[in-house]
There are 2 protein chains.
Amino acid sequence: MTTLRELATHLGLSPATVSRALNGFPEVGKKTRIRVVEAAKALDYRPNTSARRLATGKSGMVGIIFRAARNLLVDPHFVEYLAGLSMGLAERELDLILRHAPPGAQLASYQRLIASGSIDGLIVSAPEVDDRRIAMLTERNFPFVVHGQVGEDVAYGFYDIDNHGAFSRATELLIALGHRRIALLNGSAGLAFAVQREAAFRTTLAAQGIHVPARFVSHADMSEDAGYNQAAKWLSGLHGFPPTAFLCSSTLMAIGVMRAAGEAGLEIGKDISIIAHDDVLPHLRSEHFSTPLTVTRAPIREAGLCLAEMIHKRIDGAAPRSLQRTANVDLIVRSSTGAAPQDGGRSW
Amino acid sequence: MTTLRELATHLGLSPATVSRALNGFPEVGKKTRIRVVEAAKALDYRPNTSARRLATGKSGMVGIIFRAARNLLVDPHFVEYLAGLSMGLAERELDLILRHAPPGAQLASYQRLIASGSIDGLIVSAPEVDDRRIAMLTERNFPFVVHGQVGEDVAYGFYDIDNHGAFSRATELLIALGHRRIALLNGSAGLAFAVQREAAFRTTLAAQGIHVPARFVSHADMSEDAGYNQAAKWLSGLHGFPPTAFLCSSTLMAIGVMRAAGEAGLEIGKDISIIAHDDVLPHLRSEHFSTPLTVTRAPIREAGLCLAEMIHKRIDGAAPRSLQRTANVDLIVRSSTGAAPQDGGRSW
DNA sequence: GGTCAATTTCAAACCGCTTTAAGTTTAAAC
DNA sequence: GTTTAAACTTAAAGCGGTTTGAAATTGACC
C-alpha cells in the first residue's frame with residue numbers, strides 16, 4: 001500500500017505536487033508530470049478512496065436500495081436492470097452500493113444512506129404516484145434520478161419507457177382483431193407505471209366506445225403465480241363472461257395466463273389472445289414460449305445504462321430537467337394474438 | 001449534517017469523549033453516555049463513513065464483482081443470491097458494493113477494488129477449478145469467502161450445497177426407474193460445481209455398470225436456449241439413440257428440454273424423464289411447470305444469507321476453516337419422472 | 001486532611017488525500 | 001541588469017472521525 005506521501009518522498013517532491021500531477025492539474029510541468037505518473041505506476045500507487053473522499057467530499061459511489069421482504073419474491077427484472085446500471089457506472093468509474101431495506105423501512109434507509117455521507121447520488125426505482133422518497137430527496141436537494149416517470153412535468157431526471165404508447169397500441173391491436181372483452185393484468189396498484197398503463201388501456205377502449213368492467217382490471221405483483229390465479233378466476237366464468245384477450249404487464253404473468261388457458265383447454269392465439277409487455281429477460285425469451293408471444297418490448301437493461309449516465313451527469317451538476325428520457329417501445333406481433341372468436345367466446 | 005465536533009461543542013464535551021460514548025467504550029460515565037446518545041439522536045448525528053473509515057482502516061463494506069459481458073445474459077439466479085446477501089449484510093450493518101467487470105478483466109478488477117481500500121472483504125462467486133482470484137486473495141491475505149467449494153481441503157470459508165449428494169441421488173432415482181440412457185446437461189465446463197456434479201453423475205452410473213457415452217454430457221450456460229438446443233439435438237436421433245432421461249443443472253435448462261420434447265411429440269414423465277436442480281427462483285416455480293418437475297432443491301438465497309454471516313465473521317478475524325458449510329439438498333419427486341419406456345425408447 | 005487508585009475527561013496526533021495561499025524559479029520584456 | 005509576468009512548487013490547513021497519553025476529578029481509606 002503505497003501512500004501519496006511515500007511516493008512524494010521517493011520522487012523528492014511534495015505531496016501537493018504529486019497530487020496535482022496525478023489529478024491532471026495544469027500547474028504541473030510536463031516533465032514532472034510524466035515522472036510522477038511513471039513512478040506511480042512503478043510503485044503501484046492507488047489513492048486511498050476513503051482519504052480522497054474525506055478531502056473532496058465526493059465518494060464516487062451511487063446508492064440503490066434493494067427493496068425486498070425476507071420471504072417475498074424479488075423481481076427478476078431487477079438483475080437485468082442492475083446489470084445495465086453497474087455496467088454504465090463502471091464505465092464512469094463509479095461504484096454501486098446496494099443496500100437492502102424491507103418495504104416498511106424504505107424512507108429511513110434512504111435517509112441513513114445519505115447521512116452517512118458514503119454516496120454522491122441515488123437511484124430511485126419503482127416510484128409510486130406520490131412518492132415520499134422523491135419528496136424527501138427533492139427537499140434535501142440530494143442528487144438522484146428515477147427509474148419511472150411520475151408526473152407530466154417533473155423537476156428531476158428520469159428514464160422511462162413509453163408506457164402510454166405501448167399499452168395504447170397493444171389495446172388497439174386487440175380491438176382491431178375484434179376483441180371486445182379485454183382484460184388488463186396490471187402491476188401493483190399505486191406504482192407509477194401501472195397507473196400509466198391503465199390510463200392508456202382505458203382511454204384507448206373508451207375512444208372506441210368499449211366499456212371496461214371493473215373486474216377486467218387486476219393489480220398484482222408481476223409473477224407467474226399472480227397471472228395464473230387471475231386468469232384462472234376469469235376463465236372459470238363464475239363471475240361473468242371471461243375476457244377473450246389478456247393484456248399483461250409482464251411476460252411472467254403471461255406465462256401464468258398461458259398455463260391457466262392450457263388447463264381450460266383453450267388454444268392461445270385462437271380461442272384467446274395474449275399480449276404482454278416484455279422487459280427482455282434474456283433467459284426467458286418470449287419468442288420461445290410454447291406459443292410465441294405478442295409483446296410490447298423494451299429492454300430494461302437500457303434503463304440501467306441510461307440512468308447510470310444520468311446520475312453521473314447529475315452529480316456533476318447537470319440540470320435535472322436536461323436528464324429526462326422516454327424510450328420507445330416496439331410492438332412485436334407473434335402468434336399469441338389472433339382474431340376474436342366468432343361467437344365472442346361465449347361457447348366455452 | 002451534524003459533525004462529531006458540533007455535537008461535542010453542543011454538549012460541552014470533547015470530541016474524544018463523545019466518540020467513546022457513542023462507540024461503547026468503558027471509560028465513559030453512565031450519565032455522560034446517556035446524555036451523549038440522546039443528544040446524538042436529537043441532532044440526528046451520523047458519523048461520516050469516510051472519516052471513520054480513514055481513521056479506523058475499516059470501511060464497513062463488502063465487495064462483489066458482477067461478472068457479465070455487455071451483450072451476454074446475466075444469470076437470473078444472481079438476483080436471488082444478491083437478495084440473500086444484501087439482507088444478511090444489512091442485518092450486520094455492512095454494505096455491499098457491486099462492481100461490474102467484463103469476464104476478461106476479472107482479476108484486475110478484484111485487485112483494483114482491494115487496492116482502493118474501500119472494502120473490508122470480498123465475496124467470490126462461481127469459482128473455477130483452479131481459480132486465480134482465490135489464489136490472489138489467499139496470497140494477499142485479504143478476507144474473502146467463496147460461494148462454492150473448490151477442493152476437498154481448502155483454507156478459506158465457503159458455502160456450497162451438497163452437489164455430489166444431490167446429483168448422486170437424482171441419478172440413482174433415474175436408474176431405479178429403469179433408465180439406462182441418461183444425459184447430463186451441465187453448467188459451463190471448468191466451474192467447480194459443474195465438475196462436482198459430473199463426478200457424482202459418472203460415479204453413480206459407473207457403480208451400476210452403466211456406460212456413459214461422451215455425447216451424453218454437455219456443458220453450456222444454464223439457459224432455456226441452451227437446454228432446448230442440446231435436447232433438440234439429442235432427440236433428433238441423428239447422432240445415435242437419444243437419452244430417455246435428462247438431468248439438468250438448472251430448471252431453466254429443463255424448460256428448454258421440455259420445449260424440445262414437446263416439439264418432438266414426447267410426453268414428459270412417460271416417454272422421457274427430466275430432473276433438474278432447482279435453485280428456487282421464486283418467480284418460476286418448478287411445481288407449476290406444465291409438467292411439474294422432479295427436482296433437487298436448495299434455495300440459493302440461503303447461500304447469500306450464509307455467506308453474509310461468514311464474511312462478517314471473517315472480517316472480525318474468525319479462522320477461515322471455521323467458516324465452511326455444505327448445505328443439504330432435497331430431492332422432490334413430481335411427475336416429470338417416470339418408468340423408462342418399455343422398449344427403451346427406441347421406437348420414436 | 002492527605003494519599004492513592006479508580007474513574008472520567010481532554011488535548012493533540014493521526015489516518016491519506018486535496019487545496020489554498022504563498023513562495024521560488026524561470027523566461028521574457030524593457 | 002532590472003522588472004514583471006508566467007510557470008512551478010510547497011507548506012500548511014483542512015476533511016471528520018479515532019486513539020494515545022496525560023490531566024483532572026472523584027471517592028475510599030488510613
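Naming: A, B, ... by sequence-line order, numbering from 1 per chain.
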Practice task
Determine whether the side chains of B/Asn23 and B/Arg52 contain a donor N or O and an acceptor N or O closer than 3.5 Å.
Solution key: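 Yes, because at least one side-chain N or O of B/Asn23 sits under 3.5 Å from a partner of the opposite role on B/Arg52.
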
Problem - For atom CG of B/Leu22 and atom P of D/dG16, their distance in whole Å - result: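 After rounding, the gap between these two atoms is 17 Å.
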
Practice task
Mind calculating the distance between NZ (A/Lys58) and P (C/dT18) to the nearest angstrom?
Solution key: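 From A/Lys58 NZ to C/dT18 P: 15 Å.
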
Problem - Nearest to side-chain heavy atoms of B/Arg20, which nucleotide of C/dT20, D/dT19, C/dT18 - result: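 When the side chain of B/Arg20 is considered, D/dT19 is the closest of C/dT20, D/dT19, C/dT18.
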
Practice task
Indicate yes or no: does B/Asp44 engage B/Arg46 in a salt bridge with an N to O separation below 4.0 Å.
Solution key: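 Salt bridge between B/Asp44 and B/Arg46, a charged N being under 4.0 Å from a carboxylate O: yes.
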
Practice task
Considering just the side-chain nitrogens and oxygens of A/Thr17, establish if one lies under 4.0 Å of OP1 or OP2 belonging to D/dT9.
Solution key: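 So the side chain of A/Thr17 is outside the cut-off, no N or O lying under 4.0 Å from OP1 or OP2 of D/dT9.
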
Exercise for the section: Return the nearest nucleotide to the side chain of A/Ser19; candidates are D/dG17, D/dT10, C/dT18. Expected result: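 Among the listed nucleotides, the one closest to the side chain of A/Ser19 is C/dT18.
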
Problem - Interatomic distance, B/Leu13 CG vs D/dT18 P [rounded to whole Å] - result: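 My rounded result for the distance is 15 Å.
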
Exercise for the section: Verify the distance criterion only: is there a donor paired with an acceptor across the side chains of B/Thr138 and B/Tyr156 at less than 3.5 Å? Expected result: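 No donor-acceptor contact under 3.5 Å links the two side chains.
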
Practice task
Kindly give the heavy-atom pair with the smallest separation between B/Val146 and B/Leu307, and that separation in Å.
Solution key: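 In terms of heavy atoms, the two residues are closest at O-CD2, 3.5 Å.
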
Problem - Centroid-centroid under 6.0 Å between A/His147 and A/Phe158 rings - result: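 Between A/His147 and A/Phe158, the centre distance exceeds or equals 6.0 Å.
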
Problem - Contact under 4.0 Å: B/Tyr45 side-chain N or O vs D/dG17 OP1/OP2 - result: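 True: B/Tyr45 side-chain N/O within range (under 4.0 Å) of D/dG17 OP1/OP2.
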
Exercise for the section: Kindly indicate whether the side chain of B/Arg35 and the base of C/dT8 share any N or O donor-acceptor pair separated by less than 3.5 Å? Expected result: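 Such a pair does not exist between side chain and base.
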
Exercise for the section: Return yes if a side-chain donor-acceptor contact under 3.5 Å exists between A/Arg133 and A/Tyr110, otherwise no. Expected result: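 There is such a pair (donor and acceptor under 3.5 Å, judged by atom type) between the side chains of A/Arg133 and A/Tyr110.
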
Exercise for the section: Name the nucleic acid region contacted by A/Thr56, choosing base, sugar-phosphate or nothing; use a 4.0 angstrom heavy-atom cut-off, strictly under. Expected result: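 Answer is sugar-phosphate: A/Thr56 comes under 4.0 Å of backbone atoms only.
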
Practice task
On DNA chain C, check which nucleotide each of B/Arg5 and A/Leu54 is closest to and give me the residue with the more 5' one.
Solution key: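 Counting from the 5' end, the first nearest nucleotide belongs to B/Arg5.
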
Practice task
Would you mind reporting whether A/Gln149 and A/Thr326 have side-chain heavy atoms less than 4.5 Å apart?
Solution key: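 Yes; the side chains approach each other to less than 4.5 Å.
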
Exercise for the section: Send over the distance from B/Glu6 CD to D/dG16 C1', rounded to a whole Å. Expected result: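 So the CD-C1' distance, B/Glu6 to D/dG16, works out to 10 Å.
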
Practice task
Give the angle between the helix axes at the two ends of the helix from C/dG1-D/dC30 to C/dC30-D/dG1, taking five base pairs at each end and rounding to 10°.
Solution key: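 Axis angle across the helix from C/dG1-D/dC30 to C/dC30-D/dG1, nearest 10°: 60°.
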
Exercise for the section: Would you classify A/Thr32 as touching base, sugar-phosphate or nothing, given that sugar-phosphate means primed atoms plus P, OP1 and OP2, and contacts are heavy atoms under 4.0 Å? Expected result: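 Here A/Thr32 touches the backbone only, sparing every base.
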
Practice task
Using the closest heavy atom to pick a nucleotide of DNA chain D for each, name whichever of B/Val18 or A/Glu27 lands nearer the 5' end.
Solution key: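 Nearest-nucleotide comparison on DNA chain D picks A/Glu27.
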
Exercise for the section: Could you check how far CD1 of B/Ile34 sits from P of C/dT8, rounded to whole Å? Expected result: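 In whole Å, C/dT8 P lies 12 Å from B/Ile34 CD1.
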
Practice task
Would you state whether a donor and an acceptor, one from the side chain of B/Arg53 and one from the base of D/dT18, lie under 3.5 Å apart?
Solution key: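 When only heavy-atom distances are counted, B/Arg53 does not reach the base of D/dT18 through any donor-acceptor pair under 3.5 Å.
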
Exercise for the section: Can you figure out which of D/dG14, D/dG16, C/dC10 approaches the side chain of A/Ala55 most closely? Expected result: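 So the nucleotide nearest the side chain must be D/dG14.
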
Practice task
Say whether B/Ser59 and B/Asp120, considering side chains only, have a donor N or O and an acceptor N or O under 3.5 Å apart.
Solution key: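 Distance-only check passes for B/Ser59 and B/Asp120.
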
Exercise for the section: Output yes when at least one side-chain N/O atom of A/Asn48 is less than 4.0 Å from OP1 or OP2 of C/dC15, else no. Expected result: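 Answer no for this pair, as no side-chain N or O of A/Asn48 is under 4.0 Å from OP1 or OP2.
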
Problem - Proximity to the side chain of B/Thr3 - top-ranked nucleotide from D/dT18, D/dG17, C/dA11 - result: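 Given the options D/dT18, D/dG17, C/dA11, the side chain of B/Thr3 is closest to D/dG17.
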
Handout entry: Under 3.5 Å donor-acceptor pair, B/Arg33 side-chain atoms to C/dT7 base atoms
Key =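 Counting by modelled atom types and ignoring angles, no donor-acceptor contact under 3.5 Å is found here.
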
Practice task
Please report, rounded to the nearest Å, how far the P atom of D/dC8 is from the CZ atom of A/Phe25.
Solution key: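 The answer, rounded to whole Å, is 16 Å.
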
Exercise for the section: Round to the nearest Å and state the distance from A/Asn23 atom CG to C/dG16 atom P. Expected result: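 To the nearest whole Å, that distance equals 17 Å.
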
